[in-house]
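Worksheet for the structure shown next.
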Amino acid sequence: MEIESLLNSLDTSGHYGHVLSVEESQVLYNSLLILQNENHFRKIFFWGKIFGCDKDYYIAYGYKQDALHGRIYYYGMDCNTWGLLPRPTPNGIQLTPLASTKFIGDPSLVIDILIEKDETSIPGKRKQPQVKQLKEEDRLSSTVHLIMNQVSLVPRGAWFKRPDGVIIDNISFEGLSTLDAREIKSFLHARIPTQKINTNLLTRDDYNYATDFLDPLDFDIPEGCWVIQITPAEDMVILKSLYWPGFIFYHYLRTPKHGFIYLGHGKKSMDLTFMLCPFFTSNT
Amino acid sequence: MITDITDYDVTHEDAGPLGNQIPNYEKEFNSAKVFLQTASSATGDNLYDHLTEVLNKILAERPENVIDFFEEYSRKVKEQRFKPLTDHLEDIYVQPGRFSLANKILPILSPLPPGEPSTVDPEDLELADMSNNNLIELLYYLEQCGIGLPRSEMIFVMISMRNLVHTKPIASIRFWGKIFGTISNYLVVETMLKEEEYMKRNENYQEEQAPVEVQDEMALNRGEAGETSAALLEIEKRAGMGGEEGSSKYPRPLPPEPLIHYEELPEPPPEPSGVGVNKKVFYVCNDIGESWTELPDVTPKQIRTARQIYKSFTGDLEAEIQSYPEFPGKEKEYLRVQIARISAGTQIAPLGYFTFGGAELGEGGEEEDEFEEAAGGASKTHYSINPRYDPPPLTDLLDQSMSFWVHTEPYILPQGRTTWWNPNPMPDLGEEPGEGYGEEEEEVKPRGERVEPETGPPLLTPLSEDAVLETVPPWSVRVSSKILEGFALAVVRSNIWPGAYCFSNQGKVFRNVYLGFGHKYVEHNFSPLPLPAVQQEYPIGPEILEILDPTGAEEEQWRIDHLPKPKVIPVGEEAEGEEEQEEEEEEEDED
């Protein structure tokens with residue numbers, strides 16, 4: 001969420017019931033401006049909050065040039081002081097999905113993670129269950145990385161790839177229409193594309209090289225893992241991910257305003273297959 | 001661009017015989033313009049007009065770093081031009097999306113029509129007290145706690161609550177929260193109906209309930225009997241057919257009829273309206289401007305099933321719940337159960353705000369329990385506001401041990417009721433996992449003849465007594481402001497039911513609210529109930545066992561062993577016939 005939206009989060013993330021409190025938003029707005037200035041960021045965003053048992057983590061990121069590749073993350077325990085979030089380590093990314101406990105709120109805490117003998121997500125053969133250690137700071141950074149990779153998104157056309165490959169905000173983006181907003185293909189994963197360029201382009205009739213370089217959301221399985229809701233006044237579209245409860249994306253229709261925020265416990269819901277109706281029919 | 005062309009032309013003409021002549025700018029300009037104005041053979045457009053339009057647009061809008069988006073601008077101008085000139089649809093007025101909403105909401109956004117001047121004293125009208133339902137004030141607090149719903153929604157809920165109070169027999173009303181679904185969401189209000197209404201409902205309920213149970217049983221028995229007799233007939237028919245085909249000399253006796261070993265556990269009766277889990281009545285609506293629907297009362301079976309399934313809400317009250325074990329009801333029943341479970345687990349109050357018994361007696365007094373006769377083991381189901389309540393200081397409310405907060409809703413027993421129902425004389429088969437305040441440690445008690453009454457923590461138990469569920473502390477507490485401590489609120493967040501919050505303003509004002517997906521937190525991922533073991537139909541014996549066919553050699557051996565006393569008749573058909581007979585005899589023996 002851009003810092004301009006911090007002060008009226010009630011109208012955006014309020015659709016998910018969680019907002020930034022009056023004090024938080026004031027402090028964040030000012031401290032993030034200072035952080036932006038210190039780091040010479042072109043733009044700075046508030047990423048969200050991860051609830052811990054004892055304390056909560058606040059996470060922010062900004063970029064200098066490239067909106068996709070150049071993100072730098074910061075985290076803090078109050079809204080005021082910010083520390084650089086380390087890059088996710090391969091070990092952290094492997095172990096984070098196996099960590100079942102809640103975040104505590106102490107970055108230096110080390111937790112033990114049990115790897116079962118027949119765990120398939122981690123390569124290698126084990127003769128007996130193995131215990132590995134994970135620092136909460138690494139877990140935090142991996143969780144942020146996973147969330148960004150799996151659910152962060154932009155409306156189609158909001159990002160523009162310059163001929164030199166740098167990705168910037170599209171200033172001629174006018175926002176999605178109500179009809180487009182009902183279509184899951186109108187939203188793109190804000191991550192380094194995993195599909196081939198021709199897949200992303202050729203699945204559309206009206207493709208555009210400069211905007212359709214990202215993976216659309218309709219490749220995500222199972223169908224129904226995204227919740228698209230348009231407010232009764234039809235002026236805003238809200239997307240929620242059932243994989244990461246707490247993630248909310250908003251976009252004011254017919255305006256370039258969009259953003260997302262994560263306010264949750266930092267745990268992926270793997271129970272989605274049980275939660276959805278077997279014969280899911282999307283809202284048409 | 002023009003200068004470029006002229007430069008080129010100058011050098012070119014320098015080489016010519018008229019080198020010293022001043023270049024004819026006008027001519028060059030015209031020739032360049034003519035070139036640019038050449039219409040495309042495909043589209044009929046020309047570059048000159050296009051560039052003019054693009055430059056016009058850019059100069060009019062003056063966007064930043066336009067060079068990076070030049071292509072985009074150029075494309076947009078082209079797209080605009082391709083709109084057909086004779087677009088007859090252009091003039092049609094398209095109603096904006098919010099028009100329908102405005103239509104719906106405008107009647108609500110008006111003061112109530114002045115009713116008939118009633119002779120009844122306003123006191124006797126007994127409208128529910130709305131003074132505690134200032135949702136604008138609630139929102140003011142919620143916003144400080146980091147939760148909240150859009151203001152328009154809150155105002156709508158508040159107004160429509162007022163309308164609800166005037167149309168339904170409601171004694172008290174409260175905004176409960178919001179549950180998010182996949183297609184639409186539910187706004188929930190919690191109400192207590194008037195005594196007469198509860199009594200009326202319970203009369204109907206008893207009338208319905210008593211005969212229904214007997215009928216059920218009878219129907220069940222009849223159904224079973226019918227089924228078995230049909231099955232018997234079928235078997236007989238088959239046996240008869242087989243007898244005709246084969247040797248009718250030896251009619252095979254029928255195998256014993258399979259018995260149903262599964263015994264339906266005695267089902268505890270649901271609690272009547274106004275008691276226990278059905279004490280409150282909930283109304284839900286999907287969105288702003290829609291009408292409220294009352295949710296049905298819950299049955300213990302629904303509660304027990306809901307603990308074993310994990311389904312997301314769709315937003316359609318009539319949607320089917322497709323799950324194993326089968327949920328008895330539709331989404332509205334499931335929603336009601338989840339609301340009951342969440343309420344039981346997360347409705348809390350500061351210590352000392354409520355007290356048992358009459359106000360005069362105070363805490364030491366003997367409680368006068370209205371529902372004593374209904375209650376089996378549990379006591380103290382009634383509490384009232386303590387007149388001598390002394391708000392605990394903020395530091396106490398923020399204490400991590402949570403001993404200054406108490407539960408205000410009765411614990412739901414594993415049976416699915418708040419008061420224990422004795423299923424005597426039938427012995428209980430195992431226990432379901434507990435529910436409510438996070439005490440879902442699965443304690444499987446040995447099967448006993450005498451049923452131990454299930455007990456839960458009594459009402460107004462401090463939160464510090466809550467069981468820790470798999471290393472997750474059940475509650476987290478935060479202070480809403482670190483800067484202005486004098487105005488700070490204590491915010492209590494449930495970790496068992498993510499989305500359940502309670503806040504208190506220095507102990508004076510407190511409210512519970514739930515804003516979430518309606519699911520309990522599962523530490524390790526949810527795993528569905530395994531299917532029961534396959535039931536045994538027949539006693540295991542040689543009749544139904546698969547055995548190897550005898551090999552040729554064995555048959556031969558058998559035949560030789562059973563050869564009749566040597567007779568002169570050559571071994572032929574008769575011997576085989578004998579063998580057949582003997583085999584059949586053996587089969588009979590086995591039977």
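What you are looking at is a predicted structure, and each value in this text was computed from that prediction instead of being measured. Labels below follow one simple rule: chain letters A, B, ... track the order of the sequence lines, proteins then strands, and each chain is numbered from 1.
- Other residues, nucleotides and ligands contribute over 12 non-hydrogen atoms within 6.0 Å of the CD1 atom of B/Ile136.
- Interface check for chain A: of the options B/Tyr501, B/Tyr324, B/Tyr73, B/Phe99, the most heavy-atom pairs under 4.5 Å are formed by B/Tyr501.
- Aromatic rings of A/Tyr262 and A/Phe260 (six-membered ring for Trp) have centroids beyond the 6.0 Å cut-off, not under it.
- Within a 6.0 Å radius of CD1 in A/Ile221, other residues, nucleotides and ligands contribute 12 heavy atoms or fewer.
- B/Gln144 touches chain A through backbone and side chain together, each having a heavy atom under 4.5 Å away.
- No part of B/Lys104 comes within reach of chain A, as not one of its non-hydrogen atoms sits under 4.5 angstrom from that chain.
- Residue contact with chain A, scored on non-hydrogen atoms closer than 4.5 Å, involves the backbone of B/Ser480 exclusively.
- Interface remark: B/Tyr310 contributes backbone and side-chain atoms alike to the contact with chain A (heavy atom separation under 4.5 Å).
- Contacts between A/Thr178 and chain B at a heavy-atom distance below 4.5 Å are absent for every atom of the residue.
- B/Phe175 and B/Val188 get closest at one heavy-atom pair: CD1-O, 3.7 Å.
- Contacts with chain A were tallied for B/Lys76, B/Glu153, B/Lys178; B/Lys76 has the most, counting heavy-atom pairs under 4.5 Å.
- Of all heavy-atom pairs spanning B/Lys482 and B/Glu485, the tightest one is O-OE2, 3.8 Å.
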Practice prompt. Just do the ring pair (Phe, Tyr, Trp, His ring centres under 6.0 Å) check on B/His519 and B/Phe517 with the steps written out, would you?
Written response: CA-CA 6 Å; B/His519 291 137; B/Phe517 285 95; 7.1 Å; no
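- Between A/His251 and A/Phe249, the ring planes lie tilted relative to each other; the angle falls in the 30° to 60° range.
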Practice prompt. Apply the test salt bridge (charged side-chain N to carboxylate O under 4.0 Å, His left out) to residues A/Lys43 and A/Asp169: give CA-CA distance (whole Å), side-chain angles for both, the deciding distance (0.1 Å), then the verdict.
Written response: CA-CA 10 Å; A/Lys43 261 192 170 178; A/Asp169 277 335; 2.5 Å; yes
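- Figure legend: B/Arg493 and A/Phe51 shown as a cation-pi pair, the cationic atom lying under 6.0 angstrom from the six-membered ring centre and within 45 degrees of its axis.
- Both the backbone and the side chain of A/Phe274 come within contact range of chain B, with heavy atoms under 4.5 Å apart.
- In this structure, the portions of A/Asn170 lying under 4.5 Å from any heavy atom of chain B include both its backbone and its side chain.
- Looking at B/Leu139, the atoms closer than 4.5 Å to chain A (heavy atoms on both sides) all sit in the side chain, from C-beta outward.
- Between B/Met158 and B/Leu135, the shortest heavy-atom distance links the atoms SD-N, 3.4 Å.
- Per-residue heavy-atom pair counts under 4.5 Å with chain B were compared for A/Met270, A/Glu24, A/His15, and the maximum is reached by A/His15.
- Residue A/Lys55 places its NZ atom among 12 or fewer non-hydrogen atoms of other residues, nucleotides or ligands, all under 6.0 Å distant.
- Contacts between A/Leu272 and chain B at a heavy-atom distance below 4.5 Å are absent for every atom of the residue.
- Only the side chain of A/Ile168 comes within contact range of chain B, with at least one heavy atom under 4.5 Å from a heavy atom of that chain.
- For a residue to count as touching a neighbouring chain, one of its non-hydrogen atoms must lie under 4.5 Å from one of that chain's; by this rule B/Phe313 does not touch chain A.
- For a residue to count as touching a neighbouring chain, one of its non-hydrogen atoms must lie under 4.5 Å from one of that chain's; by this rule A/Lys240 touches chain B with the side chain only.
- Contact count versus chain B (heavy atoms, under 4.5 Å) is highest, among A/Thr231, A/Thr211, A/Ile230, A/Asn208, for A/Asn208.
- Using a 4.5 Å cut-off between heavy atoms, B/Asn525 contacts chain A through both its backbone and its side chain.
- No other option in A/Val27, A/Leu20, A/Ile104, A/Asp54 has as many heavy-atom pairs under 4.5 Å with chain B as A/Asp54.
- For the options B/Gly148, B/Ala102, B/Pro63, heavy-atom pairs under 4.5 Å to chain A are most numerous at B/Gly148.
- Between chain B and the residues A/Leu263, A/Asp271, A/Val227, the largest count of heavy-atom pairs under 4.5 Å involves A/Asp271.
- Note: A/Ile171 leads A/Asp11, A/Val22, A/Ile171 in heavy-atom pairs under 4.5 Å with chain B.
- Contacts between A/Asn8 and chain B at a heavy-atom distance below 4.5 Å are absent for every atom of the residue.
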Item to complete: Begin with the C-alpha distance, continue with both residues' side-chain angles, and end with the deciding distance and a verdict on side chain to side chain donor-acceptor pair (under 3.5 Å) for B/Trp475 and B/Asn495.
Response: CA-CA 5 Å; B/Trp475 300 93; B/Asn495 290 332; over 6 Å; no
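- The shortest side-chain heavy-atom distance between B/Glu320 and B/Lys330 falls under the 4.5 Å cut-off.
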